[in-house]
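One structure is given here, and the rest of the page talks about it.
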Amino acid sequence: MPHPGADPGRWVAEAEEARRLAIPGLAPVAEVDRAAVPVWHAAPYTPVLPLTAALAAHGGPLPEAVVRALGAALARTLATAHARGVAHAGLSPAAVLLGVDGPLLACFGAVRAAAPEGEQRLGKPGLDPGCLAPEQAQGGRPRPLGDVYALGAVLSYASTGYTVPEREELPASLREPITACLARDPARRPSAADLAAGLSAPLPTRPQALPGPLAPEPVPVPTVLDGPPFALPARIVAALARQSAGVLVATPPAHAQEKRP
């Protein structure tokens, strides 16, 4: 449902667009009811945790390798949308849903739904100010490079626990790409496709110093990107398992039971 104060018409339009899109990594919308009061949309259930809940389950920021894999996966989803001429315009920690098969992006079009072009969006309900690109905050049209800014803020959150950290607080391998994403000038930000390629590349390894004149060739250290498409820390997987178990044993509301044949 739209946030209080949001325009239901704009919210429904974004929900309908999300339903029509068939992009891997975008949270699917199965049904939209524009006649209901309030309007709503529904999605198929899959065990996922918002990034905010995932950090709480993990007990703090995610490991650096996991953040890189997360960033690469989200950047690939955005790059696919951008290639179709579509900006997500709603990326934030709450919009990133983590599951064992990879992340899903929800909250499609939240920026567009919050306020029309030309109207300041900072402080509007449902928008994370740390993820709002400066040009979008001032009412500019949401464009792909605004998504890249938001992705930088999301990766900052995943790495440190908040969206606007000091540069030195970021993990070393993520410092440059996240800082580039958060450039105030959109022209200085990388494209989502370039960001996906950079985050997917294996990190260089340092050979260990050994006694003697010769040292062996460095052996690549396995990372999340070398194994399954996406790997989550054990505590997050356990939280997802508990969520699934709770759904399986949940008792439907009385009115739902009455409708069963």
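Residues passing the salt bridge (charged side-chain N to carboxylate O under 4.0 Å, His left out) test with Glu64: none are found, sequence neighbours excluded. Every residue two or more places apart in sequence or in another chain was checked for a side chain to side chain donor-acceptor pair (under 3.5 Å) with His58, and none qualifies. Scored by the side chain to side chain donor-acceptor pair (under 3.5 Å) test, Glu168 finds no partners at all (sequence neighbours excluded). Every residue two or more places apart in sequence or in another chain was checked for a salt bridge (charged side-chain N to carboxylate O under 4.0 Å, His left out) with Arg143, and none qualifies. Contacts of Arg20 classified as side chain to side chain donor-acceptor pair (under 3.5 Å), with partners at least two apart in sequence or in another chain: Glu17. Checked against side chain to side chain donor-acceptor pair (under 3.5 Å), Ser191 has the following partners two or more places apart in sequence or in another chain: Asp194.
Residues Leu195 and Pro190 approach most closely at CD1-CG, 4.5 Å, considering heavy atoms. The nearest pair of heavy atoms linking Val154 to Cys131 is CG2-SG, 4.4 Å. In this structure, Ala72 and Ala196 approach most closely via the heavy-atom pair O-CB, 4.0 Å. Minimum heavy-atom separation, Leu182 to Gly152: CD2-C, 4.0 Å. Across Ala114 and Leu127, no two heavy atoms sit closer than the pair CB-CD1, 3.5 Å.
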Decide side chain to side chain contact (heavy atoms under 4.5 Å, CB included) for Val96 and Leu70; before the verdict, give the C-alpha distance in whole Å, the side-chain angles of both, and the deciding distance to 0.1 Å.
-> CA-CA 10 Å; Val96 176; Leu70 172 65; 4.1 Å; yes

Using the side chain to side chain contact (heavy atoms under 4.5 Å, CB included) rule, take Leu97 and Leu105 through it: C-alpha gap first, then chi angles, then the decisive distance, then the call.
-> CA-CA 6 Å; Leu97 309 178; Leu105 263 179; over 6 Å; no

Going through the distances and angles, do Leu98 and Val48 end up as a side chain to side chain contact (heavy atoms under 4.5 Å, CB included)?
-> CA-CA 5 Å; Leu98 297 189; Val48 291; over 6 Å; no

Trace of the side chain to side chain contact (heavy atoms under 4.5 Å, CB included) decision for Leu62 with Leu51 | CA-CA 10 Å; Leu62 301 180; Leu51 185 58; 4.1 Å; yes

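Of the possible donor and acceptor atoms, one in the side chain of Arg175 sits under 3.5 Å from a partner among the backbone N and O of Leu170. At distances below 3.5 Å, not a single donor-acceptor pair connects side-chain atoms of Arg235 with backbone N or O atoms of Ala57. With hydrogens and angles ignored, the 3.5 Å screen pairs no side-chain donor or acceptor of Asp147 with any backbone N or O of Ala87. Side-chain N or O atoms of Arg189 include one that pairs as donor or acceptor with a backbone N or O of Arg184 at under 3.5 Å.
Atoms CD and CG, on Gln243 and Leu248 in that order, are 10.5 Å from each other to the nearest 0.5 Å. For the atom pair CG of Leu78 and CG of Leu91, the computed distance is 6.0 Å after rounding to the nearest 0.5 Å. Taken to the nearest 0.5 Å, the CG atom of Leu26 stands 7.5 Å off from the OG1 atom of Thr77. In this structure, the separation between OG on Ser92 and CG on Leu151 is 11.5 Å, given to the nearest 0.5 Å.
Cluster annotation: Leu49 is connected to Leu155 through the hydrophobic network of ILVMFWY side chains, with a link wherever side-chain heavy atoms come within less than 4.5 Å. By the criterion of side-chain heavy atoms lying less than 4.5 angstrom apart, applied directly or through intervening Ile, Leu, Val, Met, Phe, Trp or Tyr residues, Val67 is not grouped with Leu104; the two fall into different hydrophobic clusters. Following chains of ILVMFWY side-chain contacts shorter than 4.5 Å, one can reach Leu232 starting from Leu199, so the two form part of one hydrophobic cluster. Both Val66 and Leu74 are part of a single hydrophobic cluster, where members link through side-chain heavy atoms under 4.5 Å apart. Under the 4.5 Å side-chain heavy-atom criterion for ILVMFWY residues, no single connected hydrophobic cluster contains both Val111 and Leu145.
Screening residues 104-125 for salt bridge (charged side-chain N to carboxylate O under 4.0 Å, His left out) gives Glu14-Arg112, Glu119-Lys124 as the qualifying pairs, with residues at least two apart or on separate chains. Listed by first and then second residue, the side chain to side chain donor-acceptor pair (under 3.5 Å) pairs that reach into residues 154-164 are Tyr162-Glu169, sequence neighbours excluded. Judged as a ring-ring contact (aromatic ring centres under 6.0 Å, His included), not a single pair has a partner in residues 119-146 (not counting sequence neighbours). Applying the ring-ring contact (aromatic ring centres under 6.0 Å, His included) test to every pair with at least one member in residues 107-137, sequence neighbours left out, gives these pairs: His88-Phe108. Legend: salt bridge (charged side-chain N to carboxylate O under 4.0 Å, His left out) pairs involving residues 83-98, not counting sequence neighbours: none detected.
Clustering of Ile, Leu, Val, Met, Phe, Trp and Tyr by side-chain heavy atoms under 4.5 Å joins Val164 with none of the others.
Within 6.0 Å of the CZ atom in Arg167, the count of heavy atoms belonging to other residues, nucleotides or ligands exceeds 12.
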